[in-house]
Amino acid sequence: MMNTILADSFTDALARLTNDEQKQVKLTAFDLQTDPDRPGLQFHRIEASKDPNFWSVRVNRDIRIIIHKTSDSVMLAYVDHHDAAYKWAERRRIEAHPRTGALQIVEVRERVQEIILRPEPRQQPDLPFTVRTVPDVSDLPLFSRLSSDQALSIGVPTDWVGDILAANEDRFFTLANHLPREAAEALLEYAATGILNKPSPLDVAPIDHPDAQRRFRILEGHEELAAALEQPFEKWAIFLHPSQRAIVDKDFGGPARVIGSAGTGKTIVALHRVARILRDSPEARVLLTTFSEPLASALQRKLGVLFADDPLLAERIVVASFEQSAAELYSLSTGRKPYLVARDKLRTLLRDAASAANLARYTPQFLLSEWEHVIDAWQIDSAESYALVPRMGRKNRLGSKQREELWSIFAAVRNQVRAKAMMTEADLFTAVTNHFAGSDQKPYTHVVVDEAQDLGVSELRFLRAIVPQRPDALFFAGDIGQRIFQQPFSWRGLGVDVRGRSYTLKVNYRTSHQIRRLADRLLPPSVRDVDGEEDNRKGTVSVFDGLEPTVVIVPSIEKETEAACAFLQGVIADGIRASEIGLFCRSNDELGRAAAIAKAAGLNTTSSLRQPAPEDACLMGTMHLAKGLEFRAVLVVACDEGILPLTSRIEEVADEFELDEVVASERQLLYVAATRARDRLFVSAIAPGSEFLEDFRS
């Protein structure tokens, strides 16, 4: 039986067809897989193609599948309406690269005319008070120091080498769209860092080369083909970048972590890591966890796509938030549900306890901060323990007498909470930790964590306690630069040491070059955690070009609505659906402004992540809701002075260190929201605007 090979160019093209056309294409694809030589299939050789193995297969009167047929395989390469399908095949050939050996779909250089002159960039709609973000573009060749041999070594097709070596920055982004991705990414990394990463020679078949595996997949049967074509837009479920695949498949000798800036595929690695564990270990029971229930629901949907060809795998995995997973284990072990005390209630209890002890000189802001970041976080249960805790990073130094006074307040509050059978979140995690820490019976064999940068002390202790002491039990995915909930602490001090097993992803395939470049200005080029592990953002590259983001600072809410409405109408006119748009603001207080913008543009909105968004509604919510999601277009509105950073958070800080942390986390929150955008980004504010918007001018 001949092999059936699926190319990512086919899934891309299939996603652009109508639903009815897709159904017809899938039926023809199944027939091709069953018997590619059957008489009923109408084959026509593409005579004008320079590759003699290209054929067309008739789907209906107008739709044609382009296949690449050899003696032992049939590749589904492309699908489109008749003329467009033939044109695609006439401009391409499929071959092994002469230097790397990877199978590539190569555009025929002399048949691609539009790269000779770069088309005029598409203009944004006319918007008032636009702050331009377009940098000067150098006319100097980017790759003048590279030789032809070096260009070939990274997978540049032979007939494109001359164009690449002569390209300036502006022209290169047009050329990059015509190159195999491994070549474009290596060139982008070289332009960003000056380092040319040549792949090691591999003695494998062209289809088995890691670079080929990211665009081709050999399918074993109808079920696998059906699963691959069911959600053609979810390419990550089928094709992985080699750097991602290497982490998914690696056997670790201890806890491991993958980090990287937004859009580099950390969540994708985590999901595939889950799938690999379940497929390799029939006895595995896996917890996939993250910081919120809405994001856990989004992960559950993604796993449904990944497990489409083997749904039984889902029976051995639990997907839940940190708190939800702890609450379920608490209920199973005690027979009762946890009763959590609200933050506002704690604030009141702390204030009243301080007043009763005649210690009103300690402000409510300081008391709540000390409780959350020291007492409760580290589960301090005595004056002796409080006297010894190092209070990492806190600039308000406390003498022994001050700690004695403060402990009288905290002890009173802790007694009141327990007397009412209430718990803090940290208490909940600690109770489950204590239950399983001394037990050989663990609820899970593995834990995989997404958005791991937002783990707190008690959460990390909890996760470590619910799995056995096996090397591969813990796997974390996160971005230190996107930490918006927790103050930093030492993982190593809690027995979770990822040194030597922390890997950074550098290829951003979700966010355009322009959006990534703008958002990166909000963060330092390198972020280091408490244990010394570094997330170096320098050298991160986006693999596609796009429009410059629009940043507007306007004199009134009415002008903001006008500008945002114009942006939205342009987005919709370009074919982006409402469900592919995210509309975000800093807090619930600004949701009215966001809703007015959607209404002015004629868009419905939804705030639910538990189900996929309706086709006619964009997702609207606070910036925190955006975390972990992605959209073709994003609007971040109401980025005003006093709103970003949020005044109420600034007023609650207890010392200079905490002020720095709050401002940094607010900046990271804007970064998170902005990097949810793939193609289009709009940011707006009422003058003078947030101090963070000044970074966009640099």
Side-chain angles (χ1 to χ4, degrees), residues 266-268 270-271 274 285-307 314-333 336-344 372 422-433 443-444 446-456 458-463 466 475-479 482-486 579 582-588 591 605-614 617-631 665 669 672-673 676:
K266 303 175 295 297
T267 298
I268 304 312
L271 292 171
V274 167
R285 302 180 312 281
V286 181
L287 171 65
L288 173 61
T289 186
T290 188
F291 74 95
S292 73
E293 290 185 36
L295 189 52
S297 297
L299 292 175
Q300 184 80 65
R301 291 195 297 272
K302 289 179 182 291
L303 276 180
V305 176
L306 191 59
F307 292 166
E315 296 178 359
R316 294 187 285 124
I317 182 168
V318 171
V319 186
S321 68
F322 304 149
E323 181 184 324
Q324 183 183 17
S325 57
E328 290 176 356
L329 290 175
Y330 179 85
S331 296
L332 286 172
S333 61
R336 60 181 184 274
K337 292 184 178 180
Y339 177 28
L340 298 183
V341 58
R343 191 171 190 256
D344 286 344
E372 290 181 334
M422 294 190 297
M423 311 173 77
T424 65
E425 287 186 19
D427 289 336
L428 170 62
F429 289 115
T430 300
V432 180
T433 298
Y444 301 104
H446 299 78
V447 170
V448 176
V449 184
D450 191 32
E451 303 291 350
Q453 73 279 354
D454 283 318
L455 280 169
S458 55
E459 288 101 317
L460 188 60
R461 284 172 167 165
F462 156 70
L463 296 176
I466 61 175
F475 185 86
F476 303 93
D479 176 8
Q482 293 187 58
R483 180 175 50 79
I484 60 177
F485 291 114
Q486 298 291 344
S579 60
L583 175 57
F584 301 109
C585 54
R586 172 59 186 87
S587 72
N588 290 334
L591 284 176
T605 62
T606 180
S607 59
S608 174
L609 289 177
R610 298 192 179 280
Q611 298 294 332
C618 70
L619 183 72
M620 183 181 75
T622 66
M623 295 182 189
H624 290 88
L625 184 68
K627 195 171 177 63
L629 305 177
E630 57 186 73
F631 304 87
S665 66
L669 189 57
V672 167
R676 303 308 96 191

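Worth knowing before you read on, the calculation uses all heavy atoms, side chains too, and leaves out hydrogens, waters and symmetry mates.
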Closest contact, heavy atoms only, [X] versus [Y]:
X	Y	answer
Ala452	Phe476	CB-CB, 3.8 Å
Ala296	Val319	O-CG1, 3.4 Å
Thr289	Ala320	OG1-O, 2.9 Å
Ala477	Ala270	CB-CB, 4.1 Å
Thr622	Ser587	CG2-C, 3.7 Å
Ala327	Pro338	CB-CG, 4.0 Å

Could you measure the distance from the [atom1] atom of [X] to the [atom2] atom of [Y]? Nearest 0.5 Å is fine.
X	Y	atom1	atom2	value
Tyr330	Lys337	OH	NZ	13.0 Å
Leu428	Phe322	CG	CZ	13.5 Å
His624	Leu295	NE2	CG	13.0 Å
Leu303	Arg301	CG	CZ	11.5 Å
Phe584	Leu591	CZ	CG	11.0 Å
Ser292	Asp454	OG	CG	9.5 Å

Requested in this report: Can you spot which of Val449, Ile466, Ile317, Val448 makes a side chain to side chain contact (heavy atoms under 4.5 Å, CB included) with Leu287?
Outcome: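 Of Val449, Ile466, Ile317, Val448, side chain to side chain contact (heavy atoms under 4.5 Å, CB included) with Leu287 is met by Ile466 alone.
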Side chain [X], main chain [Y], donor-acceptor under 3.5 Å:
X	Y	value
Gln453	Asp479	yes
Arg676	Phe631	no
Arg461	Thr430	no
Thr290	Asp450	yes
Ser607	Met620	no

Requested in this report: May I ask you to test the Leu306-Val274 pair for a side-chain heavy-atom distance under 4.5 Å?
Outcome: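 No, their side chains stay 4.5 Å or more apart.
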Requested in this report: Classify the side-chain pair Thr424/Asp427 by whether it contains a donor and acceptor separated by less than 3.5 Å.
Outcome: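 Judged by distance alone, the side chains do pair up.
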Requested in this report: Assess whether side-chain contact (heavy atoms from CB on, under 4.5 Å) is satisfied between Phe462 and Val447, documenting all intermediate values.
Outcome: CA-CA 11 Å; Phe462 156 70; Val447 170; over 6 Å; no
Query raised in the report: Between Val286 and Phe475, is a side-chain contact (heavy atoms from CB on, under 4.5 Å) present by the stated rule, with each step listed?
Result: CA-CA 11 Å; Val286 181; Phe475 185 86; over 6 Å; no
